[in-house]
Structures are given as C-alpha cells and as structure tokens.
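Structure first, then comments.
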Amino acid sequence: MFQFLFYNTLKKEYNWFNPIRLGKVSLYTCGPTVYNYAHIGNLRTYMFEDVLKRGLEFFGYQVCHVLNITDVGHLESNHDFGDDKLVLAAKKEKRKVFEVATYYENKFFEDLRSLNILLPNIKSKATDHINLMIELISALIRAGYAYENSGNVYFRVSTFKRYFDLIGNQFDIDKAFNRIDIDTLKKDNRDFVLWFSNSKYPNQLMKWKSPWGIGFPGWHIECSAMALFYLGRKLDIHCGGIDHIMVHHTNEIAQSESILQHQWANIWMHGDFLTHENNKMAKSMNNFFTLKDLEKEGFKSEHFRFLCISVHYRHRLNFSFQALLGAKSSYEKLLSIAKSLNSNNDKKIDLVKNSFSSNMIKMYLKQLQNAILFDLDTPKMINVLWEVLKSSLCRYEKKRILKLCDKILGLNLFNEQFLTLSQKEKIEKRQNARIEKKWELADELRKELQKERVFLRDTVQGTQWYIN
RNA sequence: GGUACUGUGUCCGAGUGGUUAGGAAGCGGUCUGCAAAACCGCGAACAUCGGUUCAAAUCCGAUCAGUACCUCCA
C-alpha cells in the first residue's frame, strides 16, 4: 500500500496520511471571496490543492472535496474596481450586489477550468447556508463558548485551551492588537466575532434575520458550519493559504472543536505565497496579475500551471514574466515531446503493455511515486520526468510514464486536437508540393494553415502539426 | 513590538555533510529547400564573517538583506 507523507501545520512535522474511512478522503479547501477577480497568487493555492486531490485520486482514494464560495461579507469594498461596469452598477443600485458575487464566482470557475483544476464535488456558497451558521452560533452560545453583546455575538477565546496549537506559539495579544481599532463590545481583545448586527460597516448590503438582530455572519463561522455539514464530525484534510493559519483556521478550529469536543481535522496543509518583486501580490499595491493579464502577454494558462508546479507548494514563488517565459519554453518543449510520442500507432502500444517489467522503468516509476507521496514534491517529479524523456527507454514506455504523470500534474499534455477536412487536404497538398520541390506553393499552404492557427513542423518522422 | 520564513549562476528553481540537479536564456556546432523543432558541446552559483568536521550550499553562531503574518487577505 502506498502512503502519503504530508507536512501537517498543526503538528509542525511530517505525518503519514491515514484516512478516517478506508479508501476515502474528506477534503475541505477554503475558497475565494467573490468580490473581485482572482489573481494568480490566489490561483496558485488552488493549483496546489488540485495536485493534492489528483495525487490522492491517482493512488485510488475516493475524494470528497468541498470548496466554499464566500459571497457574504465586505462586498462593498473600498478598493478601486477600475472600470468594471457591473461593480459600478452594483454600487449605484445596491440590490445588484448578489449579481456582483455571481459574476465573480463565474469568472473564478472560468479560471479554474482554464487551469485544468478539477472542480470540487460540492461547491458551497455561504449565502445558501446562513441558517446553518445561525444554528452553530446558537449552539456555541448555549454551551458557553460564545456570548452576545448589543447585537453582536463573539467567541470567547479563553474557553478554548488549544487556541494557539495551529499558530505554534502564543503571541503577545495586547501588543499585537495595539494597531487595531479596539471593538469595545468584546469582553476580551482576543475574542472574535460570530455574528454582526452592529457592525462598524453600517452600510453592509447583505443582511439576514437572526436571534440577535438583522445582520450577517462573521467570516470564520461559514467554513466551520459548511465543513461540518457536508463532511461530518471528522475531517481528513483541511487546506488553504498560509495567511489563514494565524486567524481564519485558528478560529475555525476553536469554533468546530468547541462543538465537537475532539480534534476536528487530522491534517492541515497550507500553500505558500506567490510574490512579485518580492512583494506579496495585493490589490492595494497594484502589483497583482490575473490570468487574463498573462494571456494578454501571450501566455497560456498551462504555462502558468507549469511554473507553479515546478516550485514546491510550501516554498514562496517569486513571479516574474521572465520566469514565466522560462516555464513557457519548458512546457512547450514537453508538449512537443508528448506530441511526437503521441504520433505513433496506438496498436503498437498495446503490444508492449506489459513492458513495465524492466528495471529501469521500475526505478523511474518508484522515483516518481516517492516524489508525489512525499509531500507533493512536484519539482522532483518534473526533474525525474526530464530524465525519463532523455533516457534510452522506448517511445511507448516514455509516453506511458508521461501520461501517468500528467494525471497528477494536470498539464494537458495529451489533449486531443482535431483538424478539419480542408486542413488535412492542405497538409497533404503541401506534402506533394514538397516532393515535387514546388517550394512556393508549399510555403503558401503553410501560411494559409498558420492563419487558421495550425502550425507545421517537418521532421525526420514526417510532418507534424499542432494547433495553437 | 511579537512571531515565522527566505537568501543558490543572467532568470526560475532542486539540493540537509562527500558524486554535473533540472529547465529557461546565452555562446559554439550538427541537421534542414525555407521555417520550426531536434540533437551535440560550452561556460557560469551557493548573502557576509566566524565555528564544528578529513570534508559545509547543507550543521552551529553572528551579521546583513528581504518577505510574510498579528481579526480584509490564497
């Protein structure tokens, strides 16, 4: 049996992965707040989680993956939205705020699809689960873990002994908080809000009835409520970006474990940031890029995906267009190799189906397997993959290994492309022209095909084509 | 103020004690009707200063530089 070894933020060490139920994995990943486009830093985290999910599925686990969509909260941001008409419209006509959320949610899923990220089994929107949150808050109040004050409900941090477990150390709460406006309704500065009826943002656009007044839920309660609802009292893996460790996930644990009275998630995994010029990507610093921005510069989402998986998920990735250009070249090279391997007759592949017995293949497969099992070491996988492709293995063996890896890496290396009949005819015509050394005609046909985004490459094995 | 992380060639980055990481870019060459690709070869690095060791990019200490988090944040 293959076993994963994951770095567990909760324990600050590598832990063998043992699922709660044999062969099944419950996975909760924190999703986006849909008030703006996702930037490529956000997307990096979803890609890490995608590799995790693909890796688990590759080794036969049945993964139940829940992703939340935060469509509640500070959707009326003071950030500059540029010329987005929908947002401007939403600002003018307050009812349209739900449309704003839907708009950015759709854009988010477009990005995921474009990056070949597997969609979650359950997409869970916060606004569809307000009642669950109210129930959970009520339960926390009844059990003495939370209190109400002037319409707001707060979690009483002093009641939860393991509050600093995920952070790993206690911090000086008063010094940490002396920069922040102190909420005088809190009994203790560390306490965090579960429900706002009396917010410091009085113009909140989304409001619901609750036992404590008309208002909206705190940010952390939504994840606890939805994860408990969909995935039950014990969770295998909970993921997010490293910025969630300190606050969001710590508070989630406090809420959930106070109700459950036992450890909630077995493994907490966190992806590191993508930075730009060594700064965190932030909308306020105007140094963020979206997938569309990369496309404008002539990059495909696969290029960005390659860049991300060539860096370990727990290592910071400093983004630059030069780095992306390197990733693009590498990816296109890999794709070109995949295409040339794919150009063979598939019948031959069947004949060598059992050829994995050779020691060399066993060695490579072992290395690739160990790489992914050891905390999702995708850089190592890519390294081994280059070795495989350079090795003396035959084409069919290389192709099969590459296909296996691509199931985890998700680089879309064997995406089938089709030519129209007229395009096929043009390629044939050109072949004949070349045989007759009618170079001008051949070049003319190649140009025509290029206009249709079909590119040709004459090799020893014949003319190859690809669509770009 | 507190806590943590990072520093590797032109660029992105692996690498936790001894053997060329890899890729991109560059340079030289082979191949080719042209184009594109492919192939071969080349050079180049471990922030600084100490320490431990037969041996340090790797372990320890100090310094410098950078980043993040501390109730909006992937």
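The figures that follow rest on heavy atoms only: side chains count, while hydrogens, waters and symmetry mates do not. First the proteins, then the strands, lettered A, B, ... as listed; each starts at 1.
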Gap between atoms CG and P, on A/D243 and B/C5 respectively (whole Å): 17 Å
Sugar-phosphate, base or nothing in reach of A/G271, heavy atoms under 4.0 Å: nothing
Heavy-atom protein contacts under 4.0 Å, nucleotides 28-34 of chain B, coded B base, S sugar-phosphate only, - none: -----BB
Nearest-nucleotide pick for A/N42, side chain only, options being B/U67, B/A74, B/A38: B/A74
Sugar-phosphate only, base, or nothing, as touched by A/L317 at under 4.0 Å among non-hydrogen atoms: sugar-phosphate
Side-chain (A/R434) to main-chain (A/A442) donor-acceptor, under 3.5 angstrom: no
Ring-ring centroid check A/H39 A/F289, cutoff 6.0 Å: no
Spacing between A/F196 atom CZ and B/C72 atom C1', to the nearest angstrom: 11 Å
Bracket string, RNA chain B, 5' to 3' - pairs by Watson-Crick or G-U geometry under 3.5 Å, | interstrand: (((((((..(((.....[...))).(((((.......)))))....(((((..]....))))))))))))....
Sugar-phosphate, base or nothing in reach of A/K437, heavy atoms under 4.0 Å: nothing
Stretch residues 374-385 of chain A: residues that reach within less than 4.0 Å of RNA chain B through a heavy atom: A/N383
A/R457 vs A/S320, nearer the 5' end of RNA chain B by closest nucleotide: A/S320
Spacing between A/Y331 atom OH and B/G13 atom C1', to the nearest angstrom: 20 Å
Sugar-phosphate, base or nothing in reach of A/H315, heavy atoms under 4.0 Å: sugar-phosphate
Sugar-phosphate only, base, or nothing, as touched by A/H270 at under 4.0 Å among non-hydrogen atoms: nothing
Per A/V247 side chain, nearest of listed nucleotides B/A74, B/C70, B/G22: B/C70
